[in-house]
Each structure stands twice: as structure tokens, then as C-alpha cells.
Amino acid sequence: MMNIVRVVFFASFKERLNCGSLSVTLEDNATIAGLCGELASKDGVWKEIFHKPSQAVKVAHNQQIASLETVLADGDEVAFFPPVTGG
Amino acid sequence: MMNIVRVVFFASFKERLNCGSLSVTLEDNATIAGLCGELASKDGVWKEIFHKPSQAVKVAHNQQIASLETVLADGDEVAFFPPVTGG
Amino acid sequence: MTNMNQKSSPLLSPNYTIAICSEPLDLAALNGRIQKGVGEHGASVIFTGSVRASDEEKGLVAMTLEHYPGMTESTLQSIIEQAITRWGLVNVVVNHRVGRLTAGEPIVFVGASALHRLAAFEGAQYIMDYLKNKATFWKKEHYIVYGKETSHWVAEKKSDEQSLSRWSE
Amino acid sequence: MTNMNQKSSPLLSPNYTIAICSEPLDLAALNGRIQKGVGEHGASVIFTGSVRASDEEKGLVAMTLEHYPGMTESTLQSIIEQAITRWGLVNVVVNHRVGRLTAGEPIVFVGASALHRLAAFEGAQYIMDYLKNKATFWKKEHYIVYGKETSHWVAEKKSDEQSLSRWSE
């Protein structure tokens, strides 16, 4: 079975990737780490950010802060963004 | 030589003594403790407050918090009041 | 985007509002919402954070605030509910600006009222510290250098992360 | 009774005003004096303390605030100058009501602005804690009990004295 997840990017990531959101098809039981692997398989900047993502890559799963081990289900939303700087 | 000091009272002291201010003539080099002795020589409430004044009797000398050992000079202002409760 | 919460205690039911807005903050109206009820609550604290005009000297002309719609509101909601529980806050108002702002414009308003001053001070400061560290906002600064506009995303501050340590119980 | 202090740093000269007044506090005007300059300063904190309307249940009908003219102002001045030195505050406004007040009316306004939020929060809280413990104000509460007005002077609070301990360096 395959799952489709919606992936969104913010701030410097959105600009560097020139992409606000996309849909990715993943195998059942894929994790956010697996999703990063998929994204890193694209060209330069994608690889820079998502191949072994650093502490400066924050991730949210269905709008809650999450870890790379989180398992994804069909229809989930995953967001990647740099550390927050509001207020 | 004799010194005249102005003595002022606030809040519950002013009410209990039924007195906002008075002038007291003291000997040279008299201290605030000596002034308290003078005041305590009056009737009931005066004695209650000024005979061996408790921690709850605050004193200011020329509008600065002072101790009973402070030596008084002619024209000084001494204030007695309970702990502050503003704000 | 406004959330309202009313609990059922008859006398002092805590309530809060959260707004993320692209219009300038109306400080007079926001102040009134915190200070009007202050008679019931005894103490209120209002924090306002703005684009520093003094940064204009470095050539700052504007700032752009971006956020993650949905996640920002739910993060703020959970921060505010924690503050209400911990300090017994009676009323909380949080407004945050997004979009392009110029020097001097307010970015964030946090107001909190409580029965006593310690709760109002600590509650408001807790909300601001967590907002700075957890709410999904990002700041981009626009500079004019040698007549040319450049911009860069603001980096996170170590001092902001450290500000949370005081709240660990 | 207003004191003004202007120091000579060209950009951000700290200044403060102190007022003890028997007229109701004009919160909108006071807020404006702190928040208007906020663009230059980045961060501002406003504290407002009022006669708790919830104390009306206990029969509280009014409060009378007395003070020691002259000493109050010089005490506040020294508290504010210490706060300016310690936190680099840019602008401070302190207004305190005296005379007879009814439930809901503001008693005290403390506003402080600074470059960063920690300084504004701590500076304002320091001023309030010292005002509570050192400024020569006394509060008398007026109650109606069984149809008869009684009044008593408020006793000092242990928690107020304890609030100073956090500021010892």
C-alpha cells in the first residue's frame, strides 16, 4: 500500500528550495527519516537540507513538533522549517 | 544649646495620636531615640508607640529612612509611620 | 483568526484571545481589553515588542514576518493554557503581526491580568519567552546597503533558548 | 509633582517621569507615553494595579491612599534610577494615585521600555517590587458591614518583603 503525504516548507527553506509545498508518495510505515531520504534524492539544495538533516532542520507532523522516527500515514502533513524567530 | 525639630506622623499613627505634626525642642546632640523618649512621656497612645518602639515603627530623618541612633540638628524633620502598603 | 475559551467558574472565568494579523496592531484597543477588566483582577501586565527604529542606522528599512497558519495558533493556545493553569491568569490577549512591517511598528502584543502582580508579571513573561522559542514565526530583515536592498532571515538567538530555563519547575 | 531627567547620550537618553496624583489615572495617555516610543526601544512593559472589584463581595466600598509628600517622590526617583542603571531602561513612567478610590479604579501605573524584553520585564517588576516595599504610601480600606461603614489600615504583606530577595545581586 502507498501513502500520500503533503510536505510544506517555510522561511529560508521555502526560498532556497523555491517550493512551498508538494505531495510525496511513500510506502506503508515510512518514517519522516524515509521522507527526508526521498527529498534528498533530488538535486543540490534538497540534498544539502535533507541528507542527514542537521539540528537546524525542524520538523512538524500534523502541526506538532515531531522527530525523524515518526511513522507517516496517508493524508499526513509534514512541515520542514528553520528555528523560529518571531516575537 | 537647644534644637527645634519638626515631627510628622502618617497613616494609623496620625489617626491614633490624632496629630499630623508638632515641634519638639531637644538638647544638642539628642538622637531619635531621645526624641522617642520625649514623645513617650505624653499620655497612653504616645507611650504605646514611642516607649521602646517596635519594628513596626518606621522612622525617617529628613525624608530618608533612619535609625534610632541618628543625631538630630536644629530644623530637622523626623517622620514616624507604620510599614508602607502602597501600589 | 481568533480563538475564544470560556471556562465555567462563575466569578473569574479565565478567557483568552489569539490573533495573527497582517493589519497594524491597534495598541489602544488591545490595551483596553486588558486594562478595562483590571478592576476585577487587580493586576495586569502588557508587553509590546516593535521593530527597533534604532536599527534603521544599520540600514534596516523593513521586516517580513512569515508564519505557519494553523500550527502557530495551536502552539500559542497551548502556551497560554499552560500559563493560565500555572499562574491563575484571568484574561490573556496575544496578537502577532505578520507580513511586511517598517521600523517602529509593533510586532507583538501580550497582555495578562491576574489577582496579584507576581502572577501577571510571570505569566506575561512566560508567554513571551515561549512564543519566541516555540511559535512558528520567522523574521526576515530588509536592508538598504550602498543603495541596494538586500535581505536575510534572522538567525535564532542563544539568549532566547536560555530564557526558557527559568521556567523549568 | 513631576520630575524629569534627561541624560546626554545622543541616541537613547533615558528619561523618566513620576507623578503622585489625586485625579484618576488616564491609562490611555500613560500607555501612549510608553508605547509611542517603543519603536526606538524594541520592548516595553506596562503594569497596572487596581482596586480589586472582586473584593466588593467582602463589602469593600472604597480605599484611601495617603502618602508622605516629598519623601515618596525622592524614594521613587532613587528606585527608578537604580532600575535604569541596572537594566539600561530607556523610558520609565510611574504614576500613583492618592486620595479616595472606588472598586475598579487604577491605583498605580508603571511603564518601562528598553532595547530587549528581559530588561523591560525585569526593570518594570523591580520598580513595582521596590515601590510596594519602600515608597511611603499607606492604604486604608473602607467596608460596609451590616449597613455600617468601618475602615482599617492595610497590614504589610510578608510576600511583598520576600519579593525583594530576587533582586539581590
Side-chain angles (χ1 to χ4, degrees), chain A residues 3-24 31-32 35-36 39 44-50 52-87, chain C residues 18 20-21 25 47-52 63-79 94-99 101 106-110 124-141 151-161 163-164:
Chain A
N3 295 323
I4 297 176
V5 302
R6 180 178 143 80
V7 188
V8 292
F9 307 102
F10 291 100
S12 57
F13 291 1
K14 182 166 72 179
E15 280 187 2
R16 286 171 65 199
L17 299 167
N18 194 25
C19 175
S21 70
L22 50 79
S23 288
V24 177
T31 61
I32 291 179
L35 169 62
C36 285
L39 297 172
V45 185
W46 294 86
K47 195 166 178 179
E48 244 173 60
I49 298 176
F50 296 106
K52 295 181 181 164
S54 75
Q55 281 297 321
V57 179
K58 305 296 179 190
V59 57
H61 172 243
N62 294 336
Q63 309 201 347
Q64 303 266 20
I65 291 295
S67 73
L68 294 176
E69 291 74 46
T70 307
V71 176
L72 298 172
D74 191 51
D76 281 357
E77 180 174 287
V78 177
F80 293 101
F81 46 79
V84 302
T85 55
Chain C
I18 298 165
I20 318 289
C21 40
L25 301 188
F47 174 84
T48 316
S50 303
V51 184
R52 263 184 291 281
M63 229 175 223
T64 307
L65 265 295
E66 186 180 321
H67 83 119
Y68 184 174
M71 182 160 171
T72 312
E73 289 86 345
S74 63
T75 305
L76 290 174
Q77 187 172 337
S78 114
I79 293 168
V94 174
N95 270 37
H96 200 294
R97 182 77 187 278
V98 290
L101 289 80
I107 303 170
V108 59
F109 175 99
V110 170
Q125 198 172 0
Y126 175 96
I127 292 168
M128 263 312 293
D129 283 347
Y130 274 84
L131 182 155
K132 276 266 184 191
N133 282 281
K134 303 292 182 191
T136 41
F137 293 103
W138 299 275
K139 222 176 238 170
K140 192 179 192 176
E141 292 179 339
S151 61
H152 65 82
W153 291 95
V154 172
E156 70 182 321
K157 274 194 222 144
K158 263 274 159 293
S159 63
D160 280 329
E161 214 184 310
S163 72
L164 295 190

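Here is the naming used below: chain letters follow the sequence lines, and residue numbers restart at 1 for every chain. What you are looking at is a predicted structure, and each value in this text was computed from that prediction instead of being measured. Excluded from the calculations below are hydrogen atoms, water molecules and symmetry mates; all remaining heavy atoms, backbone and side chain alike, are included.
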Please determine, among Glu161(C), Lys134(C), Lys139(C), the option with the most heavy-atom pairs under 4.5 Å with chain A. Lys139(C)
To the nearest 0.5 angstrom, please state how far the [atom1] atom of [X] sits from the [atom2] atom of [Y].
X: Lys14(A); Y: Trp138(C); atom1: NZ; atom2: CH2; answer: 9.0 Å
X: Ser12(A); Y: Lys140(C); atom1: OG; atom2: NZ; answer: 9.0 Å
X: Trp153(C); Y: Phe10(A); atom1: CH2; atom2: CZ; answer: 10.5 Å

Minimum heavy-atom distance between Ser74(C) and Gln63(A), given as atom pair plus value: OG-O, 4.3 Å
Heavy-atom closest contact (Gly87(A) atom, Lys132(C) atom, distance): O-NZ, 3.3 Å
Side-chain heavy-atom pair Phe81(A), Thr136(C) within 4.5 angstrom cut-off: yes
Considering only heavy atoms, which portion of Asn133(C) lies under 4.5 Å from any heavy atom of chain A: side chain, backbone, both, or neither? backbone
For Glu66(C), is it the side chain, the backbone, both or neither that has a heavy atom under 4.5 Å from a heavy atom of chain A? side chain
Chain C shares the most heavy-atom pairs under 4.5 Å, among Val8(A), Ile65(A), Asn62(A), Val84(A), with Val84(A)
Glu77(A) portion near chain C, given a 4.5 angstrom heavy-atom threshold: side chain
